[in-house]
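Working notes, structure below.
Order of listing sets the numbers, starting from 1, for every ligand and every atom in it.
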Amino acid sequence: MTILVTGGAGYIGSHCVQQLLAAGQKVCVIDNLSRGHRAAVPSQASFFQLDLSETDELIDVMKSQRIEKVIHFAALAYVGESVENPLPYYANNTAGTLSLLQAMRQSRVSQIVFSSTCATYGIPETIPVTEESAQSPINPYGWSKLFIEQILTDCAHSYPNFGFIGLRYFNVAGCAINGSLGEDHSPETHLIPNCLNTALGKQSHVTILGNDYPTADGTCIRDYIHVEDICQAHLLALNALTPQANRFYNVGLSSGFSVLDVVQTTEQVTGRAIPIEYQARRPGDPPVLSASHEKITRELGWSPRHTSLTEIIESAWNWFQKHPDGYQSKGPAASSSESGENT
Ligand SMILES: NC(=O)c1ccc[n+]([C@@H]2O[C@H](COP(=O)([O-])OP(=O)(O)OC[C@H]3O[C@@H](n4cnc5c(N)ncnc54)[C@H](O)[C@@H]3O)[C@@H](O)[C@H]2O)c1
Ligand SMILES: O=c1ccn([C@@H]2O[C@H](COP(=O)(O)OP(=O)(O)O[C@H]3O[C@H](CO)[C@H](O)[C@H](O)[C@H]3O)[C@@H](O)[C@H]2O)c(=O)[nH]1
C-alpha cells in the first residue's frame with residue numbers, strides 16, 4: 001500500500017518519510033514547499049508539489065498513486081505568527097484540511113493520521129496534561145488544529161469507513177540520529193535551533209521571550225520530544241488505524257525544561273557560550289506544557305528512545321554543524337531527490 005504524506009518536505013514530515021521507507025512502505029509526498037525543502041524528501045518517495053487547497057489535483061494523486069492511508073503534517077505551525085496574522089492559519093490549516101478530506105472522500109481513501117498539537121490545550125489546569133484535559137486554545141494556531149479535531153470526529157461519526165488517529169505532540173526537537181535529515185526553517189522561531197544558530201555565530205544572542213512566568217526561573221517550561229520518537233508514534237498509529245478509529249494521543253516525554261534549561265544544556269553540548277537577552281512574553285505562549293503519554297504507551301506500545309534533553313540537542317547540533325546553511329549547505333545533505341513526478 002502507498003501512504004500519502006502531506007507536508008513531507010517539512011521538518012517532521014521528512015523524518016517520518018524516511019522511517020516509513022525504512023519500514024518497507026511505499027510513500028508519496030505532497031508539499032507546496034512554502035516552508036519545506038525538496039532536498040529533504042528521500043529519493044525513494046514520489047513527490048508532487050501541490051497545495052492542500054488543490055482538491056482536484058489531490059484526487060488525481062490519490063487515484064494514480066493508489067493511496068490507502070494519509071499522514072497529514074502540512075500546516076503553518078508558528079504560535080507567534082498565528083497571533084499576528086490569524087487568517088492564513090485558518091485558511092491553510094483548517095480549510096486546507098477540509099480540501100484534503102474532500103479529496104480523500106472522493107478517492108475512497110478513508111484513514112488518516114493527523115498532526116495535532118498540545119497548543120489545543122491552552123493553559124492547562126493540571127500538569128501533566130492528559131487527553132481528557134480541557135481544550136481551550138490561547139492562540140489561533142491551536143484553534144485551527146482544534147477545529148480539525150472536531151471535523152475528524154464528525155467524519156468518524158458519520159462516514160462508516162472513516163477512521164483517524166490524532167497525535168497531539170508537544171515540542172518536537174532534534175534531528176535524525178544518522179545525520180541525514182535536519183531542521184531548517186525560514187524564518188526560524190523555535191528555541192533549540194535559535195540556540196544552535198547562536199552557538200554557530202549565525203546570530204549574536206538568543207532572545208528569551210519572557211522571564212516573568214510563574215515557574216521556578218520565570219521562563220516557560222516545555223516538553224521536548226525527539227523527532228524520531230514522534231515518527232515512531234506515527235508508524236504505530238498507522239498500524240492501529242481501523243475504520244471508525246476515533247482516538248487522540250498525547251506524544252511527549254512527560255518531562256519539562258525551562259527556556260533557561262535549554263540554553264544551558266545547549267552551552268554544555270556545544271561547548272560554546274550562548275549570550276541571552278530578555279524580551280517581553282510572546283503572545284499566545286502558555287507558561288507550562290508537559291504531557292502524560294500513558295495512553296499511547298498503554299494502547300499502542302509507544303515508548304520514547306531518546307529521553308534526555310542533552311541527547312536531543314546533541315542530535316540537532318550534529319546536523320547544524322554539518323549544515324550551517326541548512327539544506328542549502330554543500331556536502332552530503334539529505335538524500336538528493338530525483339523521483340519528483342511534477343517538479
Ligand atoms: N514542530 C513542532 O514542535 C510541532 C508540535 C506540534 C505539532 N506540530 C505539527 O506537526 C506538523 C509538521 O510540523 P513541522 O514542524 O514539521 O513544520 P514544517 O513547517 O517544517 O513542515 C510543514 C510542511 O507543510 C508544508 N505545507 C504547509 N502548508 C501547506 C499547504 N497548504 N499545502 C501543502 N503543503 C503545505 C510546508 O511547505 C512544510 O514543508 C504541523 O502540522 C504542525 O502543526 C509540530
Ligand atoms: O527564540 C526563542 C524561541 C522560543 N522561546 C521560547 O521557548 C519556548 C518554546 O518555543 P518554540 O517556538 O520552540 O516552540 P513553541 O512551544 O512555540 O511551539 C511548538 O509547540 C507548539 C505547541 O505549544 C506548536 O505545536 C508548535 O508547532 C511547535 O513549534 C516558548 O516558551 C518560547 O517563548 C524563546 O524564549 N526564544
Checklist entry - ligand 1: which residues have a non-hydrogen atom closer than 4.0 Å? => result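 For ligand 1, the contacting residues are G7, A9, G10, Y11, I12, D31, N32, L33, S34, R35, G36, L50, D51, L52, F73, A74, A75, A77, N92, S115, S116, T117, Y141, K145, Y169, F170, N171, V172, H185.
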One pair per line, please: each N/O atom of ligand 2 matched with every protein N/O atom under 3.5 Å away, atom names first, then the distance to 0.1 Å.
| from | atom 1 | to | atom 2 | distance (Å) |
| --- | --- | --- | --- | --- |
| ligand 2 | 1 (O) | N194 | ND2 | 3.0 |
| ligand 2 | 10 (O) | R282 | NH2 | 3.4 |
| ligand 2 | 12 (O) | T189 | O | 3.4 |
| ligand 2 | 12 (O) | R282 | NH1 | 3.4 |
| ligand 2 | 12 (O) | R282 | NH2 | 3.1 |
| ligand 2 | 13 (O) | L191 | N | 2.8 |
| ligand 2 | 14 (O) | N171 | ND2 | 3.1 |
| ligand 2 | 16 (O) | N171 | ND2 | 2.9 |
| ligand 2 | 16 (O) | R222 | NE | 3.1 |
| ligand 2 | 17 (O) | R282 | NH2 | 2.7 |
| ligand 2 | 25 (O) | T117 | OG1 | 2.8 |
| ligand 2 | 25 (O) | Y141 | OH | 3.1 |
| ligand 2 | 27 (O) | A77 | O | 3.1 |
| ligand 2 | 27 (O) | Y141 | OH | 3.1 |
| ligand 2 | 29 (O) | H190 | NE2 | 2.6 |
| ligand 2 | 33 (O) | D285 | OD2 | 2.6 |
| ligand 2 | 35 (O) | T207 | O | 3.4 |
| ligand 2 | 35 (O) | L209 | N | 2.9 |
| ligand 2 | 36 (N) | T207 | O | 2.7 |

With no hydrogens and no angle check, is any side-chain donor or acceptor of [X] less than 3.5 Å from a backbone partner on [Y]?
X	Y	value
T120	T117	yes
Q65	I67	no
W143	Y90	no

Checklist entry - Does a side-chain N-to-carboxylate-O contact under 4.0 Å join E149 and K145? => result no
Checklist entry - Ion pair present between E132 and R168, side-chain N to carboxylate O less than 4.0 angstrom? => result no
Item to check | Ring centre gap for F248 and F164 strictly below 6.0 Å | outcome: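 Yes, the ring of F248 comes within the 6.0 Å limit of the ring of F164, centre to centre.
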Next on the checklist: Does H234 form a ring pair (Phe, Tyr, Trp, His ring centres under 6.0 Å) with F73? I'd like the steps, not just the answer.
Outcome noted: CA-CA 11 Å; H234 284 76; F73 292 103; 4.8 Å; yes
Item to check | Test: R222 cationic atom under 6.0 Å from F170 six-membered ring centre, within 45° of axis | outcome: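 The answer is no; the distance or angle limit is not met.
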Checklist outcome for this item: Result for side-chain hydrogen bond (donor to acceptor under 3.5 Å, both in side chains) between T297 and one of E299, K295, H293, E294 points to H293
